[in-house]
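To keep things clear, I will list the structure first and then write my remarks on it.
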Amino acid sequence: MSTQTTSPILSPTTPTTPTSAVCRRDSGADSAPCPIVVHSCTGQGVTLTVHLTGEVDHLSTVPLRVMLASAAALGHLHLVVDTSRVTFADSALLRALDTWLRHGRTLRLENSSRSVRRLLDAAAVANGRARS
């Protein structure tokens with residue numbers, strides 16, 4: 001027997017940034033990049049689908065990591081991530097996704113942005129593998 005759920009992982013009261021919002025930052029060295037935005041997040045059965053927007057670095061992945069930990073605790077086993085709207089990504093994205101893959105969970109990346117493809121290519125080269 002299978003059940004279908006579409007309940008959100010994040011509560012409806014969680015503030016979100018519209019995708020059309022402009023992120024402003026100071027020119028100082030301590031300025032944090034624009035936050036990562038979870039554009040949408042839906043669950044169906046044991047599969048969670050997440051659409052990311054913005055810049056993904058060690059500062060901005062905290063909400064994503066919390067959301068993925070909550071999803072895992074709720075029994076989601078499969079993760080589909082659309083990164084077509086990600087404008088910057090560094091190893092923090094790889095670390096968050098690697099954490100998800102532990103304990104037998106699966107991951108599928110869809111619609112990778114140029115930034116994410118570049119990151120994946122660099123990681124493949126660093127690990128001695130060419131990405132196809």
Side-chain angles (χ1 to χ4, degrees):
M1 179 171 150
S2 69
T3 59
Q4 185 176 29
T5 63
T6 57
S7 59
I9 297 300
L10 301 175
S11 68
T13 59
T14 303
T16 59
T17 304
T19 54
S20 62
V22 175
C23 183
R24 300 176 194 265
R25 57 178 124 173
D26 296 329
S27 59
D30 291 334
S31 299
C34 298
I36 184 174
V37 176
V38 176
H39 179 69
S40 67
C41 173
T42 56
Q44 184 171 5
V46 295
T47 301
L48 179 69
T49 302
V50 178
H51 296 258
L52 302 178
T53 305
E55 299 185 6
V56 185
D57 69 5
H58 73 282
L59 296 173
S60 64
T61 56
V62 173
L64 175 63
R65 288 182 292 160
V66 169
M67 184 188 65
L68 293 179
S70 296
L74 290 171
H76 291 279
L77 299 173
H78 311 291
L79 177 64
V80 178
V81 181
D82 183 307
T83 61
S84 60
R85 296 181 179 183
V86 171
T87 57
F88 172 83
D90 69 9
S91 63
L93 177 61
L94 297 178
R95 196 172 18 245
L97 298 178
D98 182 59
T99 300
W100 172 264
L101 288 170
R102 295 180 190 160
H103 309 294
R105 294 185 292 259
T106 64
L107 167 70
R108 186 175 78 227
L109 291 175
E110 290 185 346
N111 305 317
S112 296
S113 69
R114 182 175 180 223
S115 297
V116 172
R117 284 191 308 270
R118 200 170 349 155
L119 173 66
L120 295 173
D121 288 343
V125 169
N127 287 316
R129 297 185 293 261
R131 198 171 86 82
S132 54

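Scope of the values below: all heavy atoms of this structure, side chains included, with no hydrogens, waters or symmetry mates. As the structure is a computational prediction, the values presented were derived from the model and not from experiment.
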Between D82 and T49, is a side chain to side chain contact (heavy atoms under 4.5 Å, CB included) present by the stated rule, with each step listed? CA-CA 8 Å; D82 183 307; T49 302; 6.0 Å; no

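- For A72 against R105, the heavy-atom pair with the smallest separation is CB-NH1, 3.4 Å.
- Of all heavy-atom pairs between M67 and V50, the closest is CE-CG2, 3.6 Å.
- In this structure, the separation between OG on S84 and CG on L109 is 11.5 Å, given to the nearest 0.5 Å.
- In this structure, the separation between OG on S91 and CG on D98 is 11.0 Å, given to the nearest 0.5 Å.
- The hydrophobic cluster containing L120 does not contain F88, counting ILVMFWY residues as joined when their side-chain heavy atoms lie under 4.5 angstrom apart, directly or transitively.
- A donor-acceptor contact shorter than 3.5 Å is absent between the side chain of R65 and the backbone of A96.
- To the nearest 0.5 Å, atoms NE2 (H51) and OG (S40) are separated by 4.0 Å.
- Looking at S113, its side chain never comes within 3.5 Å of a backbone N or O of T87 through a donor-acceptor pair.
- Rounding to the nearest 0.5 angstrom, the gap separating the CG atom in L93 from the CG atom in L52 is 7.0 Å.
- To the nearest 0.5 Å, atom CG of residue L68 and atom CG of residue L97 are 7.0 Å apart.
- The shortest non-hydrogen separation linking L79 to W100 is CB-NE1, 3.2 Å.
- Checked options T47, L48, L107, T106; the residue passing with V80 is T47 (criterion: side chain to side chain contact (heavy atoms under 4.5 Å, CB included)).
- Here the OG1 atom belonging to T83 is positioned 14.0 Å from the CZ atom belonging to R114, to the nearest 0.5 angstrom.
- Closest approach of E55 and S60 over heavy atoms only: O-OG, 2.8 Å.
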